[in-house]
Amino acid sequence: MTLHLYSSLERKKREFIPLVPGEARIYVCGVTPYDVTHLGHAFSYVNFDVLRRYLMWKGLKVRYVQNVTDIDDDMIMVSKREGGRPIAQIRDENDAIFRADLDRLNVLRPTVYPFATDHIDAIIETTKRLLALGAAYEVDGDVFFEAQRFSDYGRLNGISIQELAKLDNPESKREEKKRGPLDFLLWQRCAPDEPSWPSPWCDGRPGWSIECTAMSQSHLGDQIDIHGGGSDLIFPHHENEIAQAESATGQSPFCGYWMHNGMLKLDGVKMSKSLGNLVLARNLMERFEPDHLRLYLLSEHYRSDADYREGSIEGLSSRYARLTKVCEEAEEDTEDSALWRVFEEAMDDDLDAPRALDLLDQAAGKVLNGGIGAATLRQALAVLGFAFADARGPARGSLEP
RNA sequence: GGCGCCGUGGCCAAGUGGUAAGGCAGAGGUCUGCAAAACCUUUAUCACCGGUUCGAAUCCGGUCGGCGCCUCCA
C-alpha cells in the first residue's frame, strides 16, 4: 500500500508521487497575525504537522514552508485602530502567541517561516513578469491579473469561468477599473497613511494572493508537491495562486496535491473571528494537557468539518489515559507487525488519523492486559506527534524544524 | 441562485451491495475494606419516498432537513 492523498483539484484520492523521488515540498497557508488564533487554526496546523511527520516516517525529506501574511487590509485596520501602531509590532505580538500555542501542541516548526513583507521584491518581480506576459494589466498604479485569460480559472472551485463571472463581485475592490469582474489585484495604490513600498507602478502594496505565489516560488521553486490550507481559502485565494503561478512560470501543474482541511465548528456553526464564536487552544490547554488536545484534534478527519462542543475533549479522557499509560508503563519493548500494517493502511488512506487512533487505542487496551506491541504503539503515537510518546518537537525542547 | 459536504442508537461516530465497529453517557455486574480505576454484560426498523438488485445504510432518482464556500477568514 502506498500513500494516497485527496486533492481538491481532481476531487479524488491519488497516489502520492512527489516531483523528486524521496522529497516532498509543502506549502501551507499560514495566518494573518492581526488578531487571536483559535482552535480552528490549531486543528489545521496539527493535522498538517501529522502529514509532515508521516511523510518523514515514510523516509521522505520534507521541506515545509508556512507563511505569515503580515501586510493586508486587516493588518492595516488594526494598526489604524491602535493609533498607527507599527504593523511589525502587531505581527510579532500575535505571532509569538500563535507560535507558543503550536509549540505546546508539539507542532514542528516550519522549515521556512517567511513574512510577506520580506518578499516585496519577489512580489514585484512576479508582477512584472505577469505584465510582460500579458497576463496582467495596469490601470493608474493598480495592477490586475486578468482572470479571463487563464482558461483554467475556476477549476479548483469546480465552476467554469463563465459561471463564476455571473456571480456578484468575487473581488469587489476597484470594480470600475477592472476589465473583468473576476480580475484581482496584484499591486495596489494605497492611502498616504498606509505602509507602502516603491514599485514601477506606484508607491503601494501587494494585493492578496500574490504574496503566497512569491513566497512559494522563492522557497520551493516553480512547482510544489502539496499545498495546504483551510477549505475557506479555495476561492478565491488558491484559485488565484494557480492562475498566477502557472501564468508566471508556464509550468503546470503548479501544485500536485491540494489539501484542504475542513472548518472547525462550534455547536454547529463555523468558528470565525467575524462571528466571534471562538474557542482558543490556549484556554483549553489550561484545562487539558496539550497532548490531550492534540488527541481531540486528530480524532476528526482533517478534511471533515469537525464540530466542537463542550465535552468533546472530556469524552476522550479515558482514551488519553490509556495511551499515555501504555507509553509510561509498558515495559516490554515488543514490535507488533500486524499493528504497523493496519496503522500504515489507515494513514495511507488520505491520512485517516481517526481510524489509526481507534486501532492504536484497541491495541493499547490489549497491551495493558498483558499483550505485546508496546514498542510499535509508542512509535506510531510518535508519528502522530504525541510528546508523551517521545515525538520530537517543540514540546520536548526541539525547536529545530 | 451556483459549487460542495452531510443526515446511522441519548451524544459522537465507523461502515460504499450480503441482514449494523467503536467511543462517550446510562443501566446491571465482577473486583475492592469503601471509592476510583480496570474488566464483563446491555441499548438501532441506518431522515423520508420511489427505483435497480436474489439482496442496499451502502448504487440511482426525488423530497425534507442541517452545514460550508461563493466577501476577510485555517
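Quick note: numbers below take in every heavy atom, side chains included, and nothing from hydrogens, waters or symmetry partners. Labels below follow one simple rule: chain letters A, B, ... track the order of the sequence lines, proteins then strands, and each chain is numbered from 1.
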S.K.: Mind checking if A/Asp74 touches a base, just sugar-phosphate, or nothing, with heavy atoms under 4.0 Å?
M.R.: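 Here A/Asp74 touches the backbone only, sparing every base.
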S.K.: Over how many whole Å does the gap from A/Ile161 atom CD1 to B/C3 atom C1' extend?
M.R.: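 Distance, rounded to whole Å: 16 Å.
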S.K.: Assuming nearest nucleotide by heavy-atom distance, tell me which of A/Gly365 and A/Lys265 is located more 5' along RNA chain B.
M.R.: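 Here A/Gly365 is the residue nearer the 5' end.
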S.K.: Using a 4.0 Å heavy-atom cut-off across all strands, classify A/Leu264 as base, sugar-phosphate, or nothing.
M.R.: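 A/Leu264: base contact, heavy atoms under 4.0 Å.
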S.K.: Can you tell me, in whole Å, how much space there is between the C1' of B/G51 and that of B/U43?
M.R.: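 So the two C1' atoms sit 33 Å from each other.
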S.K.: Which part of the nucleic acid does A/Tyr45 contact within heavy-atom distance under 4.0 Å: base, sugar-phosphate only, or nothing?
M.R.: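 Sugar-phosphate, no base atom in range.
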S.K.: Would you say NZ of A/Lys177 has more than 12 non-hydrogen atoms from neighbouring residues, nucleotides or ligands within 6.0 angstrom?
M.R.: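 More than 12 within 6.0 Å, yes.
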S.K.: Could you check how far CD of A/Glu239 sits from C1' of B/G4, rounded to whole Å?
M.R.: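 The distance from CD of A/Glu239 to C1' of B/G4 comes to 14 Å, rounded to the nearest Å.
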S.K.: Write down the partner of B/A25 under the Watson-Crick or G-U wobble criteria, each distance required to be under 3.5 Å.
M.R.: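 Pair assignment: B/A25 / none.
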S.K.: Name the residue from A/Thr2, A/Leu60, A/Asp348, A/Asp350 that meets the side chain to side chain contact (heavy atoms under 4.5 Å, CB included) definition with A/Phe16.
M.R.: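 Testing each of A/Thr2, A/Leu60, A/Asp348, A/Asp350 against A/Phe16, the sole residue satisfying side chain to side chain contact (heavy atoms under 4.5 Å, CB included) is A/Leu60.
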S.K.: Nearest whole Å is fine: how far is B/A74 P from A/Met271 CE?
M.R.: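 So the two atoms are 13 Å apart, to the nearest Å.
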S.K.: Using atom P in both nucleotides, what's the gap between B/C12 and B/A47 to the nearest angstrom?
M.R.: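 That atom pair is separated by 14 Å.
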S.K.: What are the residues of residues 289-312 of chain A, sorted by number, that bring a heavy atom to within less than 4.0 Å of RNA chain B?
M.R.: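 Contacts with RNA chain B under 4.0 Å: none.
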S.K.: Rounded to the nearest angstrom, tell me the gap between atom CD in A/Gln362 and atom C1' in B/G22.
M.R.: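 The answer, rounded to whole Å, is 7 Å.
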S.K.: Which whole-number value in Å describes the distance from A/Asp267 CG to B/C11 P?
M.R.: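 Rounded to whole Å, this separation is 15 Å.
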S.K.: Paired with B/A20 by Watson-Crick or G-U wobble geometry, both distances under 3.5 Å: which nucleotide is it?
M.R.: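 None - no nucleotide pairs with B/A20, as no candidate has both distances under 3.5 Å.
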S.K.: Side chains of A/Ile124 and A/Trp201: closer than 4.5 Å at any heavy-atom pair?
M.R.: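 Yes, side chains in contact.
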S.K.: Distance check, C1' atoms only: B/C5 and B/U32, in whole angstrom units.
M.R.: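 Comparing C1' positions in B/C5 and B/U32 gives a spacing of 50 Å.
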S.K.: Which listed nucleotide (B/G2, B/G68, B/A74) is nearest to the side chain of A/Cys29?
M.R.: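 Shortest atom-to-atom distance from the side chain points to B/A74.
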S.K.: Please report the distance separating the P of B/U52 from the corresponding atom of B/A20, rounded so that it comes out in whole Å.
M.R.: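 Their P atoms lie roughly 24 Å apart.
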S.K.: Out of B/C24, B/A74, B/C70, which has the shortest distance to the side chain of A/Phe235?
M.R.: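 Selected nucleotide: B/C70.
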S.K.: Choose from B/C72, B/A74, B/C24 the nucleotide whose nearest atom is closest to any side-chain atom of A/Ser318.
M.R.: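 Looking only at side-chain atoms, A/Ser318 lies closest to B/C24.
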S.K.: May I ask you to say what A/His260 touches in the nucleic acid, namely base, sugar-phosphate or nothing, with a heavy-atom cut-off under 4.0 Å?
M.R.: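 The residue A/His260 makes no contact with any strand.
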S.K.: Which is true for A/Gly229 with a 4.0 Å heavy-atom rule: it touches a base, it touches only sugar-phosphate, or it touches nothing?
M.R.: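 Here A/Gly229 touches the backbone only, sparing every base.
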S.K.: For the P atoms, the ones on B/G17 and on B/C6, what distance do you get once it is rounded to whole angstrom?
M.R.: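 Straight-line distance between the two P atoms is 16 Å.
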S.K.: Quantified in whole Å, what is the C1' atom distance between nucleotide B/A13 and nucleotide B/U30?
M.R.: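 Approximately 29 Å lies between the C1' atom of B/A13 and that of B/U30.
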S.K.: Run the side-chain contact (heavy atoms from CB on, under 4.5 Å) test on A/Ser247 and A/Arg149 for me, step by step, so that the C-alpha distance in whole Å, both residues' side-chain angles and the decisive distance to 0.1 Å come before the verdict.
M.R.: CA-CA 9 Å; A/Ser247 297; A/Arg149 299 191 59 158; over 6 Å; no
S.K.: So what's B/U43 paired with, Watson-Crick or G-U wobble, going by both distances under 3.5 Å?
M.R.: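 No nucleotide pairs with B/U43.
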S.K.: Assuming nearest nucleotide by heavy-atom distance, tell me which of A/Arg319 and A/Leu39 is located more 5' along RNA chain B.
M.R.: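 The residue closer to the strand's 5' end, by nearest nucleotide, is A/Arg319.
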S.K.: Does A/Arg14 qualify as a cation-pi partner of A/Tyr257, given the criterion of NZ or CZ under 6.0 Å from the six-membered ring centre and within 45 degrees of its axis?
M.R.: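 The answer is yes; both the distance and angle limits are met.
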S.K.: Below 4.0 angstrom, N of the basic side chain to O of the carboxylate: do A/Lys13 and A/Asp349 qualify?
M.R.: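 Here A/Lys13 pairs with A/Asp349 in a salt bridge, since their nearest N and O are under 4.0 Å apart.
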S.K.: Count the heavy atoms of every other residue, nucleotide or ligand shown that sit under 6.0 Å from CD of A/Glu15, and state whether that count exceeds 12.
M.R.: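 Yes.
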S.K.: Are side-chain heavy atoms of A/Thr376 and A/Gln379 found at a separation under 4.5 Å?
M.R.: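 Not in contact.
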S.K.: Quick one: A/Tyr320 OH to B/A37 C1', roughly how many Å, whole number?
M.R.: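 The distance from OH of A/Tyr320 to C1' of B/A37 comes to 17 Å, rounded to the nearest Å.
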S.K.: Measure CE/A/Met263 against P/B/C72 and give the value in whole Å, please.
M.R.: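 Result: 15 Å.
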S.K.: From the options B/A74, B/C70, B/G23, select the nucleotide whose nearest atom is closest to the side chain of A/Lys273.
M.R.: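 Looking only at heavy atoms from C-beta outward on A/Lys273, the closest nucleotide is B/A74.
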S.K.: Is any NZ, NE, NH1 or NH2 atom of the basic residue among A/Asp305 and A/Lys265 found under 4.0 Å from an Asp or Glu carboxylate oxygen of the other?
M.R.: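 No, A/Asp305 and A/Lys265 are not salt-bridged.
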S.K.: Watson-Crick or G-U wobble partner for B/A38, using a 3.5 Å limit on both distances?
M.R.: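 Here B/A38 is engaged in a pair, and the nucleotide opposite it is B/U30.
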S.K.: Roughly how many Å apart are B/G26 and B/G62, using the C1' atom of each and rounding to a whole number?
M.R.: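 Taking atom C1' in both B/G62 and B/G26, they lie 39 Å apart.
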S.K.: Counting heavy atoms from C-beta on, name the nucleotide in B/A74, B/G68, B/G4 closest to the side chain of A/Arg11.
M.R.: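 Looking only at side-chain atoms, A/Arg11 lies closest to B/G4.
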S.K.: Look at atom NZ of A/Lys80 and say whether more than 12 heavy atoms of other residues, nucleotides or ligands are closer to it than 6.0 Å.
M.R.: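 Yes, the 6.0 Å shell around NZ holds more than 12 heavy atoms from other groups.
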S.K.: Who does B/G65 pair with, Watson-Crick or G-U, both distances under 3.5 Å?
M.R.: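 The answer is B/C6, by the H-bond criterion.
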S.K.: Provide the distance between the two C1' atoms, one in B/G61 and one in B/C72, to the nearest whole Å.
M.R.: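 Looking at atom C1' only, B/G61 and B/C72 are 39 Å apart.
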S.K.: B/G15 C1' sits how many Å from A/Asp358 CG, rounded?
M.R.: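 Distance check: A/Asp358 CG to B/G15 C1' gives 12 Å.
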